[in-house]
Amino acid sequence: MAAQSWLHIPTDSHFSLSNIPFGIITTPDSQVPHPAVAIGTYALDLAVFTENNGFSGLPEFQAHLSVFSQETLNAFAALGQTVHRAVRRYLQSVLTEGSPHAALLQSNSGLRQKVLFPLGDIHNHLPMQIGDYTDFYAGKHHAVNVGTLFRDPKIALQPNYTHLPVGYHGRASSVVVTGTPLVRPSGQILDNPAADPKVPIFSPSRRLDIELELAAFVCKCNKLGAPVPITDAHEAIFGIVLMNDWSARDIQAWEYVPLGPFGSKNFQTTISPWVILADAMAPFMAKGLENESSLLPYLQEKKVDNMYDLELQVNLTSKQSNTKCKGAIQQTITKTTSRNLVWSFPQMLTHHTVTGCPMHVGDLLGSGTISGLDASERGSLLEQTSGGKVSMKLNGGEERKFLEDGDTITMTGWCGESGALVGFGDCTGTILPAVSL
Amino acid sequence: MAPPGSWLSIPANSHFSLANIPFGIITSKHSQAEKRPAVAIGDHVLDLKAFATENGFSGLPSLKESLEVFSQPTLNAFAALGQPIHREVRKYLQDVFSEATSHPQILKDNTALQKAALLPKHETKTHLPMQIGDYTDFFAGINHAFNVGTMFRGPANALQANYTHLPVGYHGRASTVVVSGTRIRRPNGQTLLDPTADPKVPSFEPCRRLDIELELGCFLCSSNPLGEPVPIKKAHESIFGFVLMNDWSARDIQTWEYVPLGPFNAKNFGTSISAWVVLPDALDGFRAPKLKNETSILPYLKEDREDSVYDIKLEVDLTTPDGATTTISRTSGANLLWSFPQMIAHHSVGGCAMQTGDLLGSGTISGKGETDLGSMLEMNQAGKREIMLAGMDVRKFLKDGDTVTIRGVCGGEEGALVGFGECVGTIESAVVFTS
C-alpha cells in the first residue's frame, strides 16, 4: 500500500495503515473499557471519536454508532463483515495523508488530543465477551512431533487426524489478555511415570509449557440444529489474534485419558489484544499443509489459498537476564509460519457446527499448536526438548526444559512489507510461583 | 419432618411442595417477552418480579437493597448474593405460603398480589435459568465408567489408573445447554460404518447410535479469581443448586473423533436440563454417602463429611412416537464416586476461574444392575442387546420422534416431596445435507 499516514508511523510498526486492528482499552481519561484501533504508536479511542462525530463521513454507519460505546467488540462484530470492511477502510482514509477524510482529524488538533493516546498510556482488556472457546489441533507437524514422542512414528497421527479437524471444548474463563501474569498451576502428577501401580502426588507443575497458536473470533450466530455450510463459514470470522495455550504437561499426562486435557489447560490462556480483521488479512492468504486424505464434501473448501500467511515468533526472557542485564535479552526460541496448519478456520467452524452446535458472536477458536518441520520451528517446549529429555541452551549459559518461575514468554506475528506491516503486537505472560493451598 | 401445610392447594404428590421452593426463569401468557425469576409451588408459579415490585418482600428487610435481582432475565444476580441470602429468601417464601404464616398480609390475605404474582403453571413457560459462562461435564458415576470401560477393555482394565484418584472431567459446550422441552435434532457427523475396516475411512451420516446420559447438574453461585483455587472446605458454599441433566450423546461420532482430545461433536448438539433449580437446603435431609472409594485420595479432595451426595430417586422414561411409554431406568443420584464440592475443588485447583452461573455435570449415573443404567449404551450392552419396551417395541438407540423424560424426586412423605420436575427432549430427524 503506497499511501502514507499523516501520523508518523515507524516502518517496523505492526500497526501500519494496512492493519487497523480493533481492541478494548481503558485510558487516563476513561476507566470504563471501550473500543479502539491501534495505529503506529497510538491507540485511536473509538468511543471518543464517535462521540465527537468522527464517523460523520460514513453515513451508512450512523445507525450503528452505539457499538463503539460498548465494553466489548461483540456489538460491532455482530454487524457483519460488510460493515467491518467499511469502517476499517474509512478509518484508514481518516488516517491517510491527502485523503478526502484526512481533514477530520489531521487538522483538528483538539480532537486529535482527545482520541489519540500513546500505546504506553493505555491498558488493553479482553477484546470480546467469549461465550465458548474451542481449541483445535490443526498443526500437523506438532501433532506428528507429539505423537512420535508417545508412539511409533508410523502411527504418530491417529486415523481420524486427516479426516476431521480434531478439537476439544476449552474453558472460556481461562482466556485473558496479554500481560496477565501466570500463576504456576498445581495438580496431580506422577512423580515416577514408570511406577506400577501409578500413584500421583500433589505438586506444582514441573513441566509448564507454551503452545503457539492463532485464534479466530466469530462474528455470526447460527441456531441450535442449523449447521454452517463451508461456503458461508468464512463470513463468520471477525478477525484473528495470537494465542498462548499454556499447558501443564505432567498434569496432562495423568488426567487426559479418556476425556482429554482439562486441568492441564484451564488455568490460563493468553491472547494478544488487537484483533486483526479478516479484511486486513485478505491480501495475505496462502496454501496450508497438504492433506493426503480425500475430504468429505462438507469440509471441501473451494479456495486453495485458505490459510493466513503470517511469520510467527516466540521469545523467552529469563528472570536472570531480566535482572542481570540492562534491557532484558529476549531470546528467540521459535520462528515459524502460520501456513503450518492442515485445517483452516472456516473448516474448523463448519466441522464444529455440523452437528447443529450453535456459534455465538465472540466465540473463540484456537488453531492448535503451530510447528514447522525444522527444529527451530517448534511451537511448544515439549517438542523443542524431545519430551523433556534434551535441554534448550539459552544465551548467557542458562538451560531450559520447561518454564521456570520468572520466565516471560513473548509471542508475536506479522505479515506484509516494511512500512506496511500487519501484525499482532505482543502476546506475553510472566510465570509467577505456584500458590500454596 | 412434617412440613407445615399451605393455605395454597398443593397436590400431595407434587415435586414442588413447601419443602422445596426451587428457582427458575419464566415468561407468562400475559407477559410473553419478559423473562423473569420465579419459584415453583405446587401447580403454581410465584412470579418473583411481580412479587418484589408489589412489596412481597417487605417482611424481609435485609433484602431491601437487592430487590433488583428479581427483575433480571436470569438467576445469576440472585445466585451471586450467596447462600445465606438464598437461605433467607427460601425460608421467607416457605413462611409466606404456610397456613400459619407470620405474614398473612403479604400473600395469603392479599388477593390482588395473588392475582398479579401467583400464576397457574400451565400459563407459564420456563427458560434456561442461568446465563452459563462455562459448562463442565464430569465422569463421577463409577458404575457407568466401569460398564463402558468393560465393553472396550474387559473388567480388569475397565477403569483408567487415574479414575479413583481424581474426578475426571472435560469442558463442554455452554451454547448447547437448553431447557427441558427443547427439541433435539439428530446430529450428522463422521462415523465409521465399518469400525473393523483397515484403513479406517469415515462416511458422513446422520448419527445411528443416538443415546442419552442421565446426570445431575450443579449451578455455581460464586466466583474465584484466576489463580486462586477454591479449597475443599469452602467448595460447598459455591453451590447455588441442582437440576436434572440429559447429556445426549452420539456414540458413533464419539468413537471416531474422541482420541486423543476427548468427546466433542458427540456431545455439542444438545444438552438438556430441567427448569427448576433445587437449592442445597431443600436436599439437605436427603444426604447420602458417596460410593466408597478404595483409593486413598489426596488431601485437597478430602471432605469433612462422606454424605455429600443425595439419594434422589431418578427415573428415565422413553415414549415412542406411538405414545407408548416405558420406564427404562430407575436409579439413585447417590451412585457417584465424587461429590460436587470435590469436583469444584479439583476443577479450580490449578487456578481455573469458576464463575456464578457455571454448570457442572455429574457424569452418567448408573447402578450396578440391569434396570438402573444411565445410558442406552449400557442397557443394550454396546449395541448387542435390544431394550424391550412396552407394546412389544424394541430399541437399541433412539429413533426420530422418541421422547426421553428424566424425573427426579426425594422423600416419600406426601406433601413433603422435593423434586426436580422433568427434563424432557424429543428427537427430531437430522438435517438433510445436499452436497
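Each chain gets a letter, A, B and so on, in the order its sequence line appears, and its residues count up from 1.
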Is [X] close to chain A through its backbone or its side chain, or both, or neither, when contacts mean heavy atoms under 4.5 Å?
X	value
B:D358	side chain
B:H346	side chain
B:F152	neither
B:V259	both
B:I297	neither
B:T136	side chain
B:T295	neither
B:L166	both
B:Q160	side chain

Taking [X] for its side chain and [Y] for its backbone only, find out whether a donor-acceptor pair lies under 3.5 Å.
X	Y	answer
A:D132	B:A174	yes
A:S173	B:A353	yes
B:N188	A:V354	no
B:S175	A:M359	no
A:R184	B:G350	no
B:N265	A:H351	yes
B:N162	A:W254	yes

Is any side-chain heavy atom of [X] closer than 4.5 Å to a side-chain heavy atom of [Y]?
X	Y	value
A:T134	B:R173	yes
B:E257	A:H163	no
A:H352	B:N268	yes
B:L226	A:Q268	yes
A:L296	B:Q190	yes
A:L259	B:D137	no
A:P258	B:F139	yes
A:L224	B:R183	no

Measure distances from [X] to the heavy atoms of chain B and classify the residue's part below 4.5 Å as side chain, backbone, both or neither.
X	value
A:D135	neither
A:I201	backbone
A:L157	neither
A:P227	side chain
A:Y298	side chain

Among [options], single out the residue with the greatest number of heavy-atom pairs under 4.5 Å to chain B.
options	result
A:G225, A:P200, A:P185	A:P200
A:G131, A:G263, A:G167, A:G356	A:G167
A:G170, A:G187, A:G147	A:G170

Has B:K233 got more than 12 heavy atoms of other residues, nucleotides or ligands less than 6.0 Å from its NZ?
no
Do A:H169 and B:Y170 have ring centres separated by under 6.0 Å?
no
Is there a side chain to side chain contact (heavy atoms under 4.5 Å, CB included) between A:T355 and B:R186 once you walk through the steps?
CA-CA 8 Å; A:T355 54; B:R186 177 181 302 273; over 6 Å; no
Quick one: of [options], who has the most non-hydrogen atom pairs under 4.5 Å with chain A?
options	answer
B:Y163, B:F269, B:F264	B:F264
B:G227, B:P202, B:A250	B:P202
B:P263, B:G351, B:C207	B:P263
B:G262, B:S203, B:P231, B:G149	B:G262
B:F204, B:Y300, B:W256	B:W256

Can you tell me how far CZ of B:F138 sits from CZ of A:F262, rounded to the nearest 0.5 angstrom?
4.0 Å
Could you give the distance from NZ (B:K200) to CG (A:N160), rounded to the nearest 0.5 Å?
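CG of A:N160 is found 10.5 Å from NZ of B:K200.
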If we count only N and O atoms by modelled type, under 3.5 Å, do the side chains of B:Y258 and A:Q158 hold a donor and an acceptor together?
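Their side chains do not contain a donor-acceptor pair, so the 3.5 Å distance test is not met.
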Can you name the closest pair of heavy atoms from B:H347 and A:R171 and give their distance?
NE2-NH1, 3.4 Å
